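Structure, as structure tokens:
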Amino acid sequence: MTGKIGSTALGYPRIGPKRELKRALESYWADRSTEAELRETARELRIDTWRQLRDAGLDSVPGNTFSYYDQVLDTAVTFGAVPPRYAELGLGPLDTYFAMARGASAVPPLEMTKWFDTNYHYLVPEIGPDTRFSLADRTPVEQYREALEAGVTTRPVLVGPLTFLLLAKPAPGAPEPFRPLDKLPELLDAYAELLRELHRAGAEWVQLDEPAFAADRTPEQLQALGDAYRQLGGLSARPELLVAGYFGDFGEALRVLAATPVEAIGADLVTEPSAVDSLSGVPGLRDKTLVAGLVDGRNVWRTDLDRALTTAATLLGLAGEVAVSTSCSLLHVPYDVETEDIDPQIKSWLAFAAQKVREVVVLGRALKDGRDSVADELDAARAAIADRAGAARVRNNRVRARLDSLRPEHSQRGDYRKRREAQQKSLKLPPLPTTTIGSFPQTSDVRKARAAFRAGRIDRASYHQRMRDEIRRVVELQEAIGLDVLVHGEPERNDMVQYFAEHLDGFISTANGWVQSYGSRCVRPPILYGDVFRPAPMTVEWATCAQKLTAKPVKGMLTGPVTILAWSFVRDDQPLADTAAQVAMAIRDEVQDLEAAGIRVIQVDEPALRELLPLRAAEHGPYLRWAVSAFRLATSGVADSTQIHTHLCYSEFGDVIDAIVALDADVTSIEAARSRMEVLDDLNAVGFARGVGPGVYDIHSPRVPDAAEMTDLLRAALRSVPADRLWVNPDCGLKTRGYAEVEPALENLVSAARAARRDLP
């Protein structure tokens, strides 16, 4: 028997407290540094993380949580699931890995989608009958040994085999009815080999993450889960196994795992507090360690330590051992609140990754040595919780009274056919109108101007003039390229959510609260702590500035209420539906002001609509009702002639297809380039009859698709969507790309639209 797990975290941020990995990656991709330099930065970040977690007092330190891009991609590479088109590029291992993530020359990258209901993106593995799993990369073993050399014993963390296969898609050309799960026996052999190598290296514990089982699963999939862990648990020479579930209740999977030889099961007791009830009376659990996820790994509020300890006390006796953990990996929160210069009262309510680790340690000590051993820490947490609950700044009676006065007609627009006629008459657009999603590349000059304004080195008038100059440049570029509906380019915006949070009461923003979204892409989610109110217009000045420069319509660009919630750290002291309605009222006011200022096309982006969908189907209905209601409240205060657009990001659109219809937007743009228009099948299945813009240019990759490639995608789209409803646009905003890529790509996009128009009858 090996040592106990004790207090632990299921994972930790890896981008670096100052985004060191982001800078190292982008330097390497731009050929400004070598592979050796990139690897050295990565090594330093790993060692610093392991030592920090050890020194903070964790009993078990998670290892192998570092990634150059994505942990699911890492798993594919570890077990040899590299599609032939990448292996045939003749690149070294690291560049082959990056080709899968970002594309290379004429080879597009793997499809990307959201990691369950988070804003983290993963690369979707492609598994076919010809995929040959093996232990092709020994990074987990190498990093375990690297940690030992640094003086830290770690618990290697891997994506579990079931979750890996359930998140994968059949490789192109795979015959029906092949499913990636059909390859489980071969994959288990490769996992077994890795476990044996880790055992020989000295690893006492290995963590296998199976969050796919926090969602609904079929009896066949549950049977496969049990079979897999009976096989892995039955290995004669292996580390002890912690199987972690998170983002929800493990449900029936808990009983399945409890009947296998694994030594520990991790349960998320934050996302679904009622999951505590399901732990009682589970056969086999009394012989295992229950790793209780009592500290929220996804939000930034301090843990109510008294409540957590009360929960922990109810678990004693249900399992052979109770350990304390975060509810999931801390990948989803920033590093350290102590680096923030923010309002002291609000700061006292917060816990980022470093603080959450300390909370885990305090809870572990309290369980081991009693509450008196951590009395000061409990008193401090108790005071912060009480202060937040009683703070006057959290409540705005004017906002609440306004919401109480709403009636059903505030969320309804006129008949779509009449709206369409009015919009055609007003906008006079050609068939297959071309546009972009909103943002244009943010140049160093733009970023420097924003930084100078924030630092007080230039005054407001100078800053606004610089932004107007950039808007003029972007409008002139779009005119020259030949786009039909223009945008102002959003130079004034640091982020599509943070910008609005900085202009709305009830939010606070951070300076260093970076969270990884994918690869080197990081965001700083604002913190929504109180009732939301719009004190003044937020975008009207910039949209009207652009509209005065052109006779073509300019889109007003807004972020929708659901996405603002999804990409913020949201208050947890009232239902999300209530918070969404408050944000929706603020956006509604902005929509009406844009219309009054002469903006005839207004886009309210909801890329996170699918993201917040609960993992269990039984909970879908209530969420989708309030999510759709919030969008319609935000967009229903305008005339029929004002065209409302929305935009949706990578996700399984089929899961929310009825909600997309219910949004009642006039035009919906969707990311479709990587999946080559597969999403249109979902739309057609429900008789979607609004305008749709399936992306023909994947902006998450640096490659520039040629006009012929985009034309082929448009022709594929035209087989599913009539020309009078089809729009032509990139997959997403262009902020993260450079003009050297964007200009030729948009020129090709316009050329593709013109070629497709020539094919029309």
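The structure displayed is predicted, hence computed values, not measured ones. Computed from heavy atoms alone, side chains included, the values below leave out hydrogens, waters and symmetry copies. Sequence positions, counted from 1, serve as the residue numbers for this chain.
- At least one side-chain heavy atom of L269 sits less than 4.5 Å from a side-chain heavy atom of L279.
- By the 4.0 Å N-to-carboxylate-O rule, E149 lies too far from R145 to be salt-bridged with it.
- Cation-pi geometry between R302 and W349 is not met: the NZ or CZ atom fails to fall both under 6.0 Å from the ring centre and inside 45° of the normal.
- Looking at K4 and E263, no side-chain N of the basic residue comes within less than 4.0 Å of a carboxylate O on the acidic one, giving no salt bridge.
- A salt bridge links R138 with E197: the closest approach of a Lys/Arg side-chain nitrogen to an acidic carboxylate oxygen falls below 4.0 angstrom.
- S33 contributes a side-chain N or O that, together with a main-chain N or O of Y28, makes up a donor-acceptor pair within less than 3.5 Å.
- Looking at Q516, its side chain never comes within 3.5 Å of a backbone N or O of C522 through a donor-acceptor pair.
- No side-chain heavy atom of T154 sits under 4.5 Å from any side-chain heavy atom of P62.
- Using a 4.5 Å heavy-atom threshold, the side chains of R388 and W301 count as touching.
- When the shell of 6.0 Å around CG of D369 is examined, it contains more than 12 heavy atoms from other residues, nucleotides or ligands.
- No donor-acceptor contact under 3.5 angstrom links the side chains of Y68 and D74, judged on distance only.
- Between the side chains of T41 and E20, no donor-acceptor pair of N or O atoms lies under 3.5 Å.
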Original post:
For L208 and L242, what are the C-alpha separation, side-chain angles and deciding distance, and is it a side-chain contact (heavy atoms from CB on, under 4.5 Å)?
Top reply: CA-CA 6 Å; L208 295 169; L242 160 61; over 6 Å; no

**OP:** Run the numbers on V357 and T326 for side-chain contact (heavy atoms from CB on, under 4.5 Å), then give the verdict.
**Re:** CA-CA 8 Å; V357 167; T326 55; 5.8 Å; no

**OP:** Would you check, one step at a time, whether the test side-chain contact (heavy atoms from CB on, under 4.5 Å) holds for Y69 with R102?
**Re:** CA-CA 10 Å; Y69 207 96; R102 307 175 71 239; 3.8 Å; yes

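- Classification of E40 and R43 as a salt-bridged pair holds, one side-chain N sitting under 4.0 Å from a carboxylate O.
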Original post:
Where do H332 and F569 land on the ring pair (Phe, Tyr, Trp, His ring centres under 6.0 Å) test, with the steps shown first?
Top reply: CA-CA 10 Å; H332 308 286; F569 294 119; 9.9 Å; no

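- Heavy atoms of other residues, nucleotides or ligands lying less than 6.0 angstrom from CZ of R307 number 12 at most.
- Here the closest heavy-atom approach between residue F507 and residue S568 is recorded as CE2-OG, 3.7 Å.
- With hydrogens and angles left out, the side-chain atoms of S67 and Y97 include a donor and acceptor closer than 3.5 Å.
- Among residues at least two apart or in separate chains, there is no salt bridge (Lys or Arg N to Asp or Glu O under 4.0 Å) pair with a member in residues 323-336.
- Taking every heavy atom of both residues into account, L367 and V324 meet most closely at CD1-CG2, 3.4 Å.
- Closest approach of L73 and A101 over heavy atoms only: CD2-CB, 3.8 Å.
- In summary, the side chains of E502 and N494 do present a donor paired with an acceptor at a separation below 3.5 Å, with no hydrogens or angles considered.
- Checking side-chain atoms of T118 against main-chain N and O of W115 turns up a donor-acceptor pair under 3.5 Å.
- Ring geometry for W29 against F98 counts as perpendicular: the plane angle is over 60°, on a 0 to 90° scale with 30° as the lower cut.
- Residues L58 and T8 share a closest heavy-atom pair of CD2-CA, 3.8 Å.
- No side-chain donor from either of H121 and T113 sits under 3.5 Å from a side-chain acceptor of the other.
- Inspection of the Q71 and Y120 side chains reveals an N or O donor paired with an N or O acceptor under 3.5 Å.
- Using modelled atom types and a 3.5 Å distance limit, the side chains of Q442 and R450 yield a donor-acceptor pair.
- Counting only heavy atoms from C-beta outward, the side chains of I265 and V291 never approach each other to under 4.5 Å.
- No more than 12 heavy atoms of other residues, nucleotides or ligands shown are found within 6.0 angstrom of CG on D372.
- Residues Y86 and D95 bring no donor and acceptor atom of their side chains to less than 3.5 Å of each other.
- R524 places no side-chain N or O within donor-acceptor distance of the main-chain N or O of W514, the cut-off being under 3.5 Å.
- By the 4.0 Å N-to-carboxylate-O rule, R298 lies too far from D296 to be salt-bridged with it.
- Judged by distance alone, the side chain of D117 and the main-chain N or O of E611 form no donor-acceptor pair under 3.5 Å.
- For E377 and R365, the salt-bridge test passes: some basic side-chain N is under 4.0 Å from an acidic carboxylate O.
- Side-chain atoms of D70 and Y518 form no donor-acceptor pair, as typed in the model, at a separation below 3.5 Å.
- Seen from the ring of F66, R46 counts as a face-on cation partner, given the 6.0 Å and 45° thresholds.
- The side-chain contact (heavy atoms from CB on, under 4.5 Å) test applied to R196 returns A192, E193, R200, L235, not counting sequence neighbours.
- Here the OG-CZ distance, from S134 to F79, works out to 9.5 Å after rounding to the nearest 0.5 Å.
- Separation of the F116 and Y246 ring centroids does not fall under the 6.0 Å cut-off.
- Using modelled atom types, one side-chain atom of E340 and one backbone atom of A511 make a donor-acceptor pair closer than 3.5 Å.
- Of the residues listed (H199, Q207, E204), the one engaging P239 in a side chain to side chain contact (heavy atoms under 4.5 Å, CB included) is H199, and it is the only one.
- For the pair T65/R14, no side-chain contact is recorded, criterion being any heavy-atom separation below 4.5 Å from C-beta on.
- For the 3.5 Å distance criterion, the side chains of T271 and D268 qualify, holding a donor opposite an acceptor.
- The backbone N or O of L612 sits nowhere less than 3.5 Å from a side-chain atom of K114 that would complete a donor-acceptor pair.
- In this structure, the side chain of E210 engages the main chain of T163 through a donor-acceptor pair within 3.5 Å.
- For the pair R155 and W205, the cation-pi criterion (under 6.0 Å, within 45° of the ring axis) is not fulfilled.
- Within the 4.5 Å cutoff, the side chain of L378 has heavy atoms near those of the R371 side chain.
- Y335 places a side-chain N or O within donor-acceptor distance of the main-chain N or O of G16, the cut-off being under 3.5 Å.
- Listed here is the closest heavy atom pair of A244 and L10: CB-CD1, 4.2 Å.
- The nearest pair of heavy atoms linking Q52 to Y12 is NE2-OH, 2.9 Å.
- Note on R382 versus D304: no salt bridge recorded, every NZ/NE/NH1/NH2 to OD/OE distance being 4.0 Å or above.
- With hydrogens and angles disregarded, a donor-acceptor distance shorter than 3.5 Å links the side chain of R23 to the backbone of K18.
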